[in-house]
There are 2 protein chains.
Amino acid sequence: MDQNRDNEIAALRAFNRAYTARTGLLNTHLDQSPFSLSEARVLYEIAHRTDPTAAEIGRALGLDRAQISRTLKRFAERGLVETRDHPSDARNLIISLTSDGQEAFAALEGNTRAAVGALLDGFPPIRRARLLEAARTISKIVEADDEPALILRDPEPGDLGYILYRQSALYAQEYGWNGEYEVLVTKILAQFHQTFDPTMEAAWVAELDGQIVGSIFLVKGDTTGVAKLRLLYVEPDARGSGVASKLVEACIQRARDAGYTRLDLWTNSVLTAARRIYERAGFKLVDEAPHHSFGKDLVGQTFSLNL
Amino acid sequence: MDQNRDNEIAALRAFNRAYTARTGLLNTHLDQSPFSLSEARVLYEIAHRTDPTAAEIGRALGLDRAQISRTLKRFAERGLVETRDHPSDARNLIISLTSDGQEAFAALEGNTRAAVGALLDGFPPIRRARLLEAARTISKIVEADDEPALILRDPEPGDLGYILYRQSALYAQEYGWNGEYEVLVTKILAQFHQTFDPTMEAAWVAELDGQIVGSIFLVKGDTTGVAKLRLLYVEPDARGSGVASKLVEACIQRARDAGYTRLDLWTNSVLTAARRIYERAGFKLVDEAPHHSFGKDLVGQTFSLNL
DNA sequence: TACAGATCGTTGACTGAATCAACAAGATAT
DNA sequence: ATATCTTGTTGATTCAGTCAACGATCTGTA
């Protein structure tokens, strides 16, 4: 997997190159603007903060105190900013825009927005939409200061389709399963919908950091008192952080609460990671049979847990 | 929708700020490195091109000839690069790395990769994966020099699930429809799977720029000789570029080829954009009836086209 | 063939960016 | 009370970025 890491590093570097090269528009100082990029950033920070000090701005932008000092000096000479004493700390100076400064900043903002708008207009709508979505994703991730939170919740409209999509695509990609598996899951979902009994059945969607990364279903079995666990899956990127165990746990708990005496599940031997999770949860292998499905020769396994 | 444009511009600017602020690691010259960011970029270009000239590198990086000249002069003084005459154009000098230069570049590359790797390690796996996917998306879009291509193709494993997901989520978002709609679509898909007749039925997925943006289904109707058009949808971001018309066209054509004499479809009056597409394709409204479904009071419409 | 116009690399000149070091004034901890 | 930080300023230096000018060379066209 070192190969993979190299690929990831290369991808981020390629992104960095592509971004700095092609969107120099965003980073270079606007041609007709009286402000350099660095000056524009300082101005932006002054305008968007309440009673900022030079040190504060320097920290926000990662700039040296010396540079801030000189930049502010130039701004003051041009009549754009003024300073007043800090009420409680005489080392600080509070910076504010003069009316000329506000005017200059407003003009700069207008030009910048126009330039960014023109940049966006250069992309076809479908790419613009994807570009913005990706940009929002990166912003969020880069700015996040919390840990990704895992939550289990009821499915919302669209979620079952998403699960069908991910499971089918994933098993096609990882194990080469063909469309038959999608057929099977579609049937299961249709039946789940049609005969849904909220007191005895349930479905969970696992969200990690706001994104669906797994699911599990609890449905009535063929025999009274016996429930089935179905359609457990976890996204590759989210594996190894206990998502599957939490899903299985929730399912078992609900099965107990609903009064079932046994929980069965059917899986395939190639899904080795899943097997470990089932066994850790107390499931025992009770039956094993080869079958040809999904375009492959497989060994089906039935696991069972007495509740 | 000017509001929306402002949001888009703000989003891209926020992204730019976040990216330049937090990943200064990527943009700032590495602390222990003997090369500035600008020097590193020039070195990178020299190493990755065959027989580059100064002007070529300047164009690639958007740098001034004067700056390239001085940078190369410093490199030459440090014994990192050497120049030889261009065989056919005496104005050019061909630049190459000396063995010392290659060594220095290799060291720089190693350090850069390590720094980027460390940056990536700072993100939880799920975010790292999403960050990289977003970065790849942006790279591709920014570097693309072709127009987005629209293709219609057969569904692959996972695609029907994706369609279920998008339709359910979309109509929930746009019209407030509840889970009932998802149930309906799931049933349709399950039945499509179960009774699929490849000579008389078909499904298409529309891909724009490599992404699924719509679908349409042709299925047998209740009466012999009558086909049904079902589950037409197009992503909001892809609307207005003829995707829906192309899907409907493909569906009608196949219905004709399969020997059907009539093509019916059922839709709802709130889907006004769809109605225009159907009418433009020659469909006539033959029936209209109010119904309460998907959590809303709706007016169902049956359209029909004689083939 | 001759020549205008463009390209290439170099140099000078200048402003600003970035960084390091030193300093005085003021705040803070113990 | 004193050592230790923090804030803002200034000096010094190197490099980035930009404009202008220059000589050498190439290219297209009259």
Side-chain angles (χ1 to χ4, degrees), chain A residues 20-21 24-25 27-46 49 51-78 80-96, chain B residues 20-21 24-25 27-46 49 51-78 80-96:
Chain A
T20 52
L25 299 170
N27 290 327
T28 302
H29 112 127
L30 299 168
D31 274 355
Q32 76 286 24
S33 169
F35 299 105
S36 72
L37 171 63
S38 176
E39 287 176 332
R41 293 176 72 201
V42 172
L43 208 56
Y44 182 92
E45 290 299 323
I46 297 173
R49 287 167 184 274
D51 295 345
T53 67
E56 197 181 325
I57 290 166
R59 276 190 298 268
L61 297 178
L63 297 179
D64 194 276
R65 284 194 305 282
Q67 193 178 334
I68 299 285
S69 175
R70 276 185 263 258
T71 301
L72 290 176
K73 196 169 155 196
R74 283 198 305 274
F75 284 169
E77 280 164 5
R78 290 159 68 179
L80 303 175
V81 304
E82 54 195 0
T83 58
R84 62 178 192 279
D85 292 343
H86 191 285
S88 65
D89 187 338
R91 294 170 304 178
N92 291 311
L93 288 176
I94 291 177
I95 306 153
S96 57
Chain B
T20 52
L25 300 170
N27 290 327
T28 302
H29 112 127
L30 300 167
D31 275 354
Q32 77 286 25
S33 169
F35 299 105
S36 72
L37 171 63
S38 176
E39 287 176 332
R41 293 177 73 200
V42 172
L43 209 56
Y44 182 93
E45 291 298 324
I46 297 173
R49 286 168 183 272
D51 296 344
T53 66
E56 198 180 325
I57 291 167
R59 275 191 298 267
L61 298 177
L63 297 179
D64 193 276
R65 284 193 305 282
Q67 194 177 334
I68 299 285
S69 176
R70 277 185 263 259
T71 301
L72 291 175
K73 196 169 155 193
R74 283 197 307 274
F75 284 169
E77 279 163 6
R78 290 158 70 180
L80 303 176
V81 304
E82 55 194 0
T83 58
R84 61 179 194 279
D85 291 344
H86 191 286
S88 66
D89 188 337
R91 293 170 306 178
N92 291 311
L93 288 178
I94 292 177
I95 306 154
S96 57

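Lettering of chains follows the sequences in order, A, B, ..., and the numbering in each one begins at 1.
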Terminal axes of the helix from C:dT1-D:dA30 to C:dT30-D:dA1 (5 end pairs apiece), angle rounded to 10 degrees, sit apart by 30°

To the nearest angstrom, the CZ-C1' distance between A:Phe35 and C:dG16 comes to 14 Å

At under 4.0 Å between heavy atoms, what does B:Leu63 touch on the DNA or RNA strands: base, sugar-phosphate, or nothing? sugar-phosphate

Looking only at side-chain N and O atoms, does A:Ser69 come under 4.0 Å of OP1 or OP2 in D:dT10? no

Would you classify A:Asn92 as touching base, sugar-phosphate or nothing, given that sugar-phosphate means primed atoms plus P, OP1 and OP2, and contacts are heavy atoms under 4.0 Å? sugar-phosphate

Which nucleotide sits closest to the side chain of B:Ala90: D:dT25, C:dG26, D:dA12? D:dT25

Please report, rounded to the nearest Å, how far the P atom of D:dT9 is from the CD atom of A:Glu77. 12 Å

For nucleotides 2-6 of chain D, give me every protein contact, N/O to N/O, under 3.5 Å, one pair per line with atom names.
from: D:dT6; atom 1: O4'; to: A:Arg91; atom 2: NH1; distance (Å): 3.4
from: D:dT6; atom 1: O2; to: A:Arg91; atom 2: NH1; distance (Å): 3.0

Is the phosphate of D:dG8 approached by A:Lys73 (side-chain N or O, under 4.0 Å from OP1 or OP2)? no

NA contact type, A:Thr83, heavy-atom cut-off 4.0 Å: base, sugar-phosphate, or nothing? nothing

What's the closest nucleotide to the A:Gln67 side chain, out of C:dT11, C:dA18, C:dT10? C:dA18

Give the nucleotide from the list D:dC15, C:dG16, D:dT7 with an atom nearest to the side chain of A:Arg74. C:dG16

Expected list for residues 55-72 of chain B: side-chain donor-acceptor pairs under 3.5 angstrom, two or more places apart:
from: B:Glu56; atom 1: OE1; to: B:Thr53; atom 2: N; distance (Å): 3.4
from: B:Glu56; atom 1: OE2; to: B:Arg49; atom 2: NH1; distance (Å): 3.2
from: B:Asp64; atom 1: OD1; to: B:Ala66; atom 2: N; distance (Å): 2.7
from: B:Gln67; atom 1: NE2; to: B:Ser38; atom 2: OG; distance (Å): 3.4
from: B:Thr71; atom 1: OG1; to: B:Gln67; atom 2: O; distance (Å): 2.8

Assign B:Ile68 to base, sugar-phosphate, or nothing according to its heavy-atom contacts below 4.0 angstrom with the strands shown. nothing

Does a side-chain N or O of A:Ser36 approach OP1 or OP2 of C:dA17 to a distance below 4.0 Å, or not? yes

